[in-house]
*Asks:* 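Okay, handing you the structure first.
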Number of protein chains: 2
Amino acid sequence: MNKKQLIAQLSGSLSLSKADAERTFDTITNTILDALKGDDNVKIAGFGTYKVAKRKARVGRNPRTGEQIQIAASQKVKFLPAKALKEVFNK
Amino acid sequence: MNKKQLIAQLSGSLSLSKADAERTFDTITNTILDALKGDDNVKIAGFGTYKVAKRKARVGRNPRTGEQIQIAASQKVKFLPAKALKEVFNK
DNA sequence: AATGGGTATGCAGTATTTGCATATAGTAAC
DNA sequence: GTTACTATATGCAAATACTGCATACCCATT
């Protein structure tokens, strides 16, 4: 399922136009992103937690040449599924 | 930021009552979950991809006792941040 | 306001994932 | 239709995930 399909489905479920559904959806993702940018974890009960994980610098490798390279520290968004979410898939 | 705070913020941004904002948000998460339950990955351009990762059974260990234990196969939801999302945090 | 419940943390050791460069193929967005 | 993004594939080192369990904590619901 891609974003377009998701929007189409939401449009139906929420009785919104597709444009409105998309705007609503984008507002939500932007709100979450803004919180994360502010180094604020986002906890959604029953769904999961978004958090920014700091990754240390380390040694990597160019798989094409085999050459070793230094990889800088970076950050990425992690999503930790809530307990309820795991149970859905393991029953 | 927890769900309540997120809902409050969305309520303002979207000019919805908190009850409506919450219903909208729940509809979205449920839609995503339903797709995942149907073994369908959810790709949100510019945000990320939710996918169900199947984990094989394997041998683990109780770190308290050192005892070896068999861990059953399981599934969990993985979120892979999109390229745009990584860039936000590494600039 | 209180209480129950989900979540974070720490612990040890192993299994798993990550992420590098880069091109291509496929898909999605506009 | 054309542009933009994403998945895939490759080898390999190091970071991280995962497990049971107890504690502390914060949230949600009554």
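Below, chains carry the letters A, B, ... as their sequence lines are ordered, and counting in each starts from 1.
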*Asks:* Got a sec? Which of residues 24-45 of chain A come in under 4.0 Å of DNA chain C, heavy atoms?
*Replies:* none
*Asks:* I want to confirm an ordering. Mapping B/Asn2 and A/Lys54 to their closest nucleotides on DNA chain D, which one lands closer to the 5' end?
*Replies:* A/Lys54
*Asks:* Which residues pass the side chain to side chain contact (heavy atoms under 4.5 Å, CB included) test with B/Ser15, sequence neighbours left out?
*Replies:* none
*Asks:* With B/Asn2, which residues qualify under side chain to side chain donor-acceptor pair (under 3.5 Å), at least two apart?
*Replies:* none
*Asks:* Taking A/Ser11 for the side chain and A/Ala21 for the main chain, is one N or O donor matched with an acceptor at less than 3.5 Å?
*Replies:* no
*Asks:* Tell me the interatomic distance from A/Ile69, atom CD1, to C/dT18, atom P, rounded to whole angstroms.
*Replies:* 18 Å
*Asks:* Applying side-chain contact (heavy atoms from CB on, under 4.5 Å) to B/Phe25 and A/Ile28, what does each step give before you reach the verdict?
*Replies:* CA-CA 8 Å; B/Phe25 185 77; A/Ile28 292 177; 3.8 Å; yes
*Asks:* Roughly, in whole Å, what's the span from CD in B/Glu67 to P in C/dA12?
*Replies:* 18 Å
*Asks:* Quick one: A/Lys18 NZ to C/dA29 P, roughly how many Å, whole number?
*Replies:* 12 Å
*Asks:* What's the CZ-P distance between B/Phe47 and C/dA29, to the nearest Å?
*Replies:* 15 Å
*Asks:* Expected output is a numbered-order residue list: members of residues 70-79 of chain A with a heavy atom under 4.0 Å from any atom of DNA chain C. What is it?
*Replies:* A/Ile71, A/Lys76
*Asks:* Could you pull out all residues at least two apart from B/Ala82 that satisfy side chain to side chain contact (heavy atoms under 4.5 Å, CB included)?
*Replies:* none
*Asks:* Please check if the side chain of A/Ser13 supplies one atom and the backbone of A/Gln9 the other of a donor-acceptor pair under 3.5 Å.
*Replies:* yes
*Asks:* DNA chain D: B/Gly46 or A/Arg55, which has the more 5' nearest nucleotide?
*Replies:* B/Gly46
*Asks:* When the distance from CG of A/Leu80 to C1' of D/dT16 is rounded to whole Å, what number comes out?
*Replies:* 12 Å
*Asks:* At under 4.0 Å between heavy atoms, what does B/Ala82 touch on the DNA or RNA strands: base, sugar-phosphate, or nothing?
*Replies:* sugar-phosphate
*Asks:* Under the rule for side chain to side chain contact (heavy atoms under 4.5 Å, CB included), what residues qualify as partners of B/Ala45, not counting sequence neighbours?
*Replies:* none
*Asks:* Do B/Leu33 and A/Phe47 have side-chain heavy atoms sitting under 4.5 Å apart?
*Replies:* yes
*Asks:* Between the protein and nucleotides 10-13 of chain D, are there any N/O to N/O pairs under 3.5 Å, and if so, what are the atom names and distances?
*Replies:*
| from | atom 1 | to | atom 2 | distance (Å) |
| --- | --- | --- | --- | --- |
| D/dG11 | N2 | A/Arg61 | O | 2.8 |

*Asks:* In whole angstrom, give the distance that lies between atom CG of B/Leu6 and atom C1' of D/dC27.
*Replies:* 15 Å
*Asks:* How many whole angstroms separate atom NZ of A/Lys56 from atom C1' of C/dG19?
*Replies:* 16 Å
*Asks:* Could you list all the salt bridge (charged side-chain N to carboxylate O under 4.0 Å, His left out) pairs where at least one residue sits in residues 42-64 of chain A, not counting sequence neighbours?
*Replies:* A/Asp39-A/Lys54
*Asks:* Under 4.0 Å, heavy atoms only, any strand: does B/Thr49 hit a base, just the sugar-phosphate, or nothing?
*Replies:* sugar-phosphate
*Asks:* Roughly, in whole Å, what's the span from CD1 in B/Ile7 to C1' in D/dC27?
*Replies:* 14 Å
*Asks:* Sorted by first residue and then second, give each side chain to side chain donor-acceptor pair (under 3.5 Å) pair with at least one member in residues 23-37 of chain B; sequence neighbours left out.
*Replies:* B/Lys3-B/Asp26, B/Asp20-B/Arg23
*Asks:* What donor-acceptor contacts under 3.5 angstrom involve side-chain atoms of residues 68-79 of chain A, with partners at least two apart or in another chain?
*Replies:*
none

*Asks:* In degrees rounded to 10°, what angle is found between the helical axes fit to the five outermost pairs at each end of the helix from C/dA1-D/dT30 to C/dC30-D/dG1?
*Replies:* 150°
